[in-house]
Number of protein chains: 2
Amino acid sequence: MAATLKDIAQRLNLSAATVSMILNNKSVRIPKETEELVRRTARELNYHPNRMAVSLVTKRTMNVALIVPDIQNTFFAELAKYVGDYLKTKQYNLILCSTNYDVQDDIRLLRMLRAQMVDGIIGVFTGEDPEYTREIERVLADKIGIVMMDKVVSGVTTPYVGTDNFYGGRLAGRHLVENGHRRIAVITGPLGSVSGQQRLAGCRAALEEAGVTLDASMIYEGDYQYDTGYEAGKKIAQREDVTAVFACNDMMAYGVYKAAQEAGRPIGKELSLVGFDDLRFSSMLEIPLTSVRQPVREIAARAVDILLGNLAGGAGEPADGVGGLTPPSLVVRESVVRLA
Amino acid sequence: MAATLKDIAQRLNLSAATVSMILNNKSVRIPKETEELVRRTARELNYHPNRMAVSLVTKRTMNVALIVPDIQNTFFAELAKYVGDYLKTKQYNLILCSTNYDVQDDIRLLRMLRAQMVDGIIGVFTGEDPEYTREIERVLADKIGIVMMDKVVSGVTTPYVGTDNFYGGRLAGRHLVENGHRRIAVITGPLGSVSGQQRLAGCRAALEEAGVTLDASMIYEGDYQYDTGYEAGKKIAQREDVTAVFACNDMMAYGVYKAAQEAGRPIGKELSLVGFDDLRFSSMLEIPLTSVRQPVREIAARAVDILLGNLAGGAGEPADGVGGLTPPSLVVRESVVRLA
DNA sequence: GAATTGTGCTAAAACGTTTTAGCAACGTGA
DNA sequence: TCACGTTGCTAAAACGTTTTAGCACAATTC
């Protein structure tokens with residue numbers, strides 16, 4: 001049904017080659033008249049090049065995949081949006097894949113994406129797993145670029161972009177300290193997650209700068225999802241000594257709100273809380289959440305630039321290890337109470 | 001770099017045809033030994049068929065595009081997730097496109113997707129525009145299936161799936177009435193939106209069944225976003241006579257929470273509130289929101305089934321006009337107070 | 001021993017492009 | 001008139017598959 005190059009060529013008694021070159025603005029000696037004619041006919045026939053055929057010969061699909069653990073988490077949704085928008089300006093398409101925080105899913109995806117349907121992959125990978133390394137290396141061997149985002153998988157050297165988590169944690173910690181808090185609990189990301197550890201470390205550093213030590217009993221391991229925030233929140237709310245909580249992401253912070261309220265120590269009144277991500281919802285809460293805002297837009301653009309840059313660079317050796325960390329900022333709202 | 005059919009064939013002194021047939025389980029007479037050999041070699045060489053080449057000859061890309069107005073709205077994120085998951089079980093990939101509620105973007109997308117890179121499109125289109133009709137018809141002419149979701153664009157006959165909005169509105173209205181409410185305000189979607197009008201109509205019907213009339217002063221027009229909910233909420237909270245609010249989506253309901261609280265008439269204590277969508281976040285609120293739950297998962301599956309069914313059916317004539325409305329359900333939480 | 005059937009494969013075309021090498025016709029300068 | 005350059009195009013290969021038609025040989029039947 002759809003018109004092909006040949007259709008145009010035939011109609012004008014030209015060869016497909018000529019038409020192709022004209023339509024692709026290749027610099028060849030073609031008189032204006034012919035060119036006009038070809039363009040007009042293409043428009044008339046509603047011609048669109050067949051992407052499959054083009055890709056087959058050019059070896060580029062103009063597709064980029066984004067792998068995120070949970071598209072329902074608005075942080076990743078936002079990320080996806082920016083990545084997609086930015087990609088579009090570069091004529092690339094986004095193939096979005098959500099994995100439900102399942103490492104096996106990541107690997108399965110990697111495997112299937114390798115089947116030459118994307119030029120590059122931007123991955124927010126879920127965990128640490130030896131299989132990652134193998135699979136990622138296979139993908140790289142097939143000349144498909146990878147940029148890791150937000151989280152690092154150790155053991156592979158691919159460019160990485162993300163937030164400066166340590167700095168963000170420090171921001172959170174400092175804010176609490178500055179408001180007079182000394183007994184501060186932290187709900188971390190999963191133990192294996194580098195980002196969570198860094199946020200924790202940053203917070204710890206801030207406390208130490210103020211002469212406060214963060215002892216082990218104050219640290220609760222979460223998994224970045226609501227439920228673990230709620231559970232940790234319940235335990236924390238029972239500890240009379242604790243006055244503030246740093247949740248390593250907003251989703252868990254929401255759980256803390258609920259737990260705190262149920263325990264009769266509401267956030268912003270009795271207990272203080274700082275989150276991380278600054279999700280859209282955080283400002284909508286009855287007591288809006290003070291949170292560390294990730295520069296999502298910048299990170300997205302950066303990831304794309306690096307990925308596409310590598311692709312263009314062709315050579316394929318990844319821009320050595322690190323794409324760079326972007327510093328987050330603190331958005332102060334009403335969830336932290338100032339102690340006398 | 002990547003191994004091709006020919007590589008396998010050469011290595012085993014077979015023809016590409018043979019290898020292809022074996023790997024695709026075509027029923028041909030091939031002895032077990034050869035088959036085993038081929039499969040083993042394929043695994044060893046880490047063979048993956050080149051999707052572009054396959055698509056070029058089969059005319060199927062195994063990609064489906066989903067167009068949504070705003071991926072940051074968790075309703076659409078959820079939709080995307082389910083569509084993607086379900087598609088994956090059918091070996092299809094999801095290409096996600098978000099348009100920022102921009103009709104021109106929809107049209108641009110339609111145009112670009114037509115370049116044979118997807119087998120079908122599931123679209124939550126933003127508006128009404130004569131250009132839609134033309135563009136959609138062109139897409140259909142190229143044998144690319146379309147299923148419209150959640151919103152209808154009049155004038156084209158493509159299958160449609162969505163929630164039974166009238167029924168949902170009725171559910172909300174009835175719930176309020178059953179809890180003794182008589183003075184009920186409604187915050188609608190944008191005036192032009194069919195879905196919003198239907199939710200309102202359903203609610204009105206429920207009230208009338210109970211002998212309550214919904215007069216014009218009780219109706220506030222919103223746009224499905226937080227801010228208009230908040231604004232309407234502020235006005236409503238000042239009207240002493242009103243005891244309950246039906247917000248036509250959860251996003252706006254969140255605004256009402258805030259407004260109500262600021263006005264000293266908190267939801268679930270003084271004022272009652274019912275939302276629509278049942279976003280993930282609604283159950284996380286301090287006073288969890290009673291909301292009409294859209295059967296997102298079912299809608300997603302349905303859309304995919306219809307799309308793929310049409311594709312398989314080949315003939316291409318769309319399953320006449322309507323794919324069907326799925327009834328929503330009411331999720332009762334704590335935002336509605338029972339009047340004496 | 002010829003005819004028939006079955007087995008295990010292959011050749012070749014097709015899909016719709018891009019790209020490289022080069023050809024025919026014409027014009028120009030000497 | 002010949003050599004040479006320029007102009008406007010084309011032929012053909014290549015990309016990696018799928019698919020159709022059918023071939024060569026072996027085994028079986030009569």
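Every chain is numbered from 1 and lettered A, B, ... according to where its sequence line falls, protein lines coming before strand lines. These numbers were taken from a predicted model, which means no experiment stands behind them.
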Rounded to whole angstrom units, what separation is found between the NZ atom of B:K6 and the C1' atom of D:dA13?
11 Å
Against the side chain of B:V57, the closest entry in C:dT10, D:dT17, D:dC9 is D:dT17
Between CD1 of A:I22 and P of D:dC9 the distance, given in whole Å, is 7 Å
Which pair of heavy atoms, one from A:A65 and one from A:L94, lies closest together, and at what distance?
C-CD2, 4.3 Å
Is the shortest side-chain N/O distance from A:N24 to OP1 or OP2 of C:dT18 below 4.0 Å?
yes
Choose from D:dG8, D:dG16, D:dT18 the nucleotide whose nearest atom is closest to any side-chain atom of B:N50.
D:dG16
In Å, rounded to the nearest 0.5 Å, how long is the span from CG of A:N25 to CD of A:E35?
7.0 Å
Out of D:dC15, D:dT19, C:dT19, which nucleotide sits closest to the side chain of A:M21?
C:dT19
Quiz question: by atom type and distance under 3.5 Å, do the side chains of B:T326 and B:E298 form a donor-acceptor pair?
no
Specify the separation, in whole Å, of atom CG of A:L23 and atom C1' of C:dT17.
12 Å
Let me know the distance between CG of A:N13 and P of D:dC9, rounded to the nearest Å.
11 Å
Which nucleotide in C:dT17, D:dT18, D:dC15 has an atom nearest any side-chain atom of B:V54
D:dT18
Salt-bridge criterion met for A:R39 and A:E36 (N-O under 4.0 Å):
no
May I ask you to verify if any side-chain N or O of A:T34 is less than 4.0 angstrom from the OP1 or OP2 atom of D:dG8?
no
Check whether any side-chain N or O of A:K59 sits under 4.0 Å from OP1 or OP2 of D:dG16, and answer yes or no.
yes
Which nucleotide wins on minimum distance to the side chain of B:A17, given the candidates C:dT17, D:dT19, D:dA11?
D:dT19
Can you check whether B:S15 has a side-chain N or O nearer than 4.0 Å to OP1 or OP2 of C:dA11?
no
Could you check which of D:dC9, D:dT18, D:dC15 has an atom nearest any side-chain atom of A:R29?
D:dC9
For D:dT18, take OP1 and OP2 only and decide whether either is under 4.0 Å from a side-chain N or O of B:K26.
no
Could you state the atom-to-atom distance from CE of A:M52 to P of C:dT18 in whole Å?
14 Å
Please determine whether a side-chain nitrogen or oxygen atom of A:T4 lies at a distance below 4.0 Å from atom OP1 or OP2 of C:dG16.
no
From CG of B:L56 across to P of D:dT18 the rounded distance in Å is 11 Å
Note: B:R302-B:D305 ion pair, threshold 4.0 Å (strictly below)
no
Of the candidates C:dC9, D:dT10, C:dT17, the side chain of A:L14 sits closest to D:dT10
Candidates D:dT17, C:dT18, C:dG16 - which lies nearest the side chain of A:T58
C:dT18
For B:Q10 and D:dG16, give me the distance from atom CD to atom C1', rounded to whole Å.
13 Å
Between P of D:dG8 and CD1 of A:I30, the distance in whole Å
8 Å
Could B:D7 and B:R11 be called an ion pair, given the rule that one side-chain N must be under 4.0 Å from one carboxylate O?
no
